Amino acid sequence: MRKILTQKFFDRDTKVVATDLLGKFIVRKIRGKEVSVMITETEAYDGPKDLASHASKGMTKRTEVMFGHPGIFYIYLCYGMYYMLNVVTGKKDYPAAVLIRGVEGKNGPGKLTKFLKIDNKFNKKLAIPKNNLWLEDRGVKIPENNIKKTPRIGVDYAGPIWSKKKFRFLVKG
DNA sequence: ACGATGATGAAC
DNA sequence: TTCATCATCGTA
């Protein structure tokens with residue numbers, strides 16, 4: 001079973017999308033060849049008040065993509081060397097996104113984007129096959145009790161409330 | 001524990 | 001135009 005995830009999938013609550021993305025596949029086409037990996041770890045960045053989200057600073061040149069339509073990528077350079085892969089969720093004008101933090105066999109969002117050769121060219125692009133980067137449901141279902149929730153990584157700066165929220169989701173084992 | 005490394009946003 | 005900051009990772 002190969003079902004391409006559409007904008008409808010991402011037009012839902014960010015935390016729901018983040019948990020639902022576990023077990024889904026990222027497919028990347030490089031020079032005509034498809035590479036696919038299963039998502040095992042995600043984080044939710046939800047709304048204008050989430051101090052851990054870049055969008056908490058309001059709409060800027062960098063963050064305007066998070067205010068855009070669901071199902072587009074938000075990609076940016078972190079620490080000068082690693083690209084982060086996010087998918088925008090929720091309605092237009094509501095800033096939210098899910099960070100793809102890990103896939104099967106790879107841990108760490110920086111390694112993931114390096115492996116899949118993802119860079120800021122994909123920023124603001126739709127997650128569709130035409131753009132050589134999209135997401136698929138291949139029938140893998142992660143049961144609720146196999147999903148672990150923890151605080152997000154590297155967001156201590158977000159203050160005692162937002163840095164402690166359990167917006168990180170990963171597959172156990 | 002720390003440096004590499006560059007875009008970003010805010011202050012000046 | 002300068003400055004501090006950062007959703008990381010490899011090496012130590």
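Being a predicted model, the structure only gives us computed values, none of them experimental. A note on names: the letters A, B, ... follow the listed sequences, proteins ahead of strands, and every chain is numbered from 1.
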Discussion item. Under a 3.5 Å distance rule, please check whether Glu43(A) uses its side chain to pair with a backbone N or O of Ile153(A) as donor and acceptor.
Written reply: yes

Worksheet item: Any ion pair linking Lys165(A) and Asp50(A) (charged N to carboxylate O, less than 4.0 Å)?
Response: no

Fill in: DNA chain C: 5'-most and 3'-most nucleotides touching chain A, 4.0 angstrom heavy-atom criterion
dC6(C) to dG10(C)

Discussion item. Heavy atoms within less than 4.0 Å of DNA chain C: which residues of residues 109-118 of chain A have one? Give them sorted by number.
Written reply: Pro109(A), Gly110(A), Lys111(A)

Worksheet entry | Under 4.5 Å side-chain linkage, directly or through intermediates, the cluster mates of Leu170(A) | none

Item to complete: Determine yes or no for a side-chain-to-main-chain donor-acceptor pair under 3.5 angstrom, with Lys15(A) supplying the side chain and Lys166(A) the backbone.
Response: no

Worksheet item: Is a side-chain N or O of Thr60(A) found less than 3.5 angstrom from the main chain of Thr63(A), in a donor-acceptor match?
Response: yes

Item to complete: Kindly say whether Pro151(A) contributes a backbone atom to a donor-acceptor pair with the side chain of Ser163(A) at under 3.5 angstrom?
Response: no

Protein-nucleotides 7-12 of chain B N/O pairs under 3.5 Å:
residue, atom, partner, partner atom, Å
dG9(B), OP1, Thr60(A), OG1, 2.5

Worksheet entry | Heavy-atom side-chain proximity of Val87(A) to Leu5(A) below 4.5 angstrom | no

Discussion item. Tell me every residue that passes side-chain hydrogen bond (donor to acceptor under 3.5 Å, both in side chains) with Arg31(A), counting only those two or more places apart in sequence or in another chain.
Written reply: none

Fill in: Sub-4.0 Å heavy-atom contacts from residues 164-173 of chain A onto DNA chain C, ordered by number
none

Worksheet entry | Listed partners of Asp137(A) passing salt bridge (charged side-chain N to carboxylate O under 4.0 Å, His left out), at least two apart | none

Discussion item. Going by salt bridge (charged side-chain N to carboxylate O under 4.0 Å, His left out), name the residues that satisfy it together with Asp156(A), two or more places apart in sequence or in a different chain.
Written reply: none

Fill in: Nucleotide pairing, DNA chain B (Watson-Crick or G-U, distances under 3.5 Å), in dot-bracket with [ ] and |
||||.||||||.

Fill in: Strand-adjacent residues in residues 81-108 of chain A, judged by heavy atoms under 4.0 Å from DNA chain B
Met81(A)

Worksheet item: Which pair of non-hydrogen atoms, one from Asn123(A) and one from Phe73(A), has the smallest distance, and what is that distance?
Response: OD1-O, 3.5 Å

Discussion item. Measuring from atom CE of Met84(A) to atom CG of Leu112(A), what distance do you get when rounded to the nearest 0.5 angstrom?
Written reply: 9.0 Å

Worksheet item: Who pairs with Ser53(A) by side-chain hydrogen bond (donor to acceptor under 3.5 Å, both in side chains), at least two apart in sequence or on another chain?
Response: none

Worksheet item: Given the rule in the side-chain contact (heavy atoms from CB on, under 4.5 Å) test, do Arg101(A) and Phe169(A) qualify, once you have shown the distances and angles that lead to the verdict?
Response: CA-CA 9 Å; Arg101(A) 170 161 264 287; Phe169(A) 309 96; over 6 Å; no

Worksheet, complete the sentence: So the ring pair (Phe, Tyr, Trp, His ring centres under 6.0 Å) pairs with at least one residue in residues 76-131 of chain A (sequence neighbours excluded) are His54(A)-Tyr76(A), Tyr74(A)-Tyr76(A)

Discussion item. Please report the interatomic distance CG(Asp119(A)) to CG(Leu77(A)), rounded to the nearest 0.5 Å.
Written reply: 10.0 Å

Discussion item. Less than 6.0 angstrom from the centroid, inside 45 degrees of the normal: does Arg2(A) satisfy that with respect to the ring of Phe25(A)?
Written reply: no

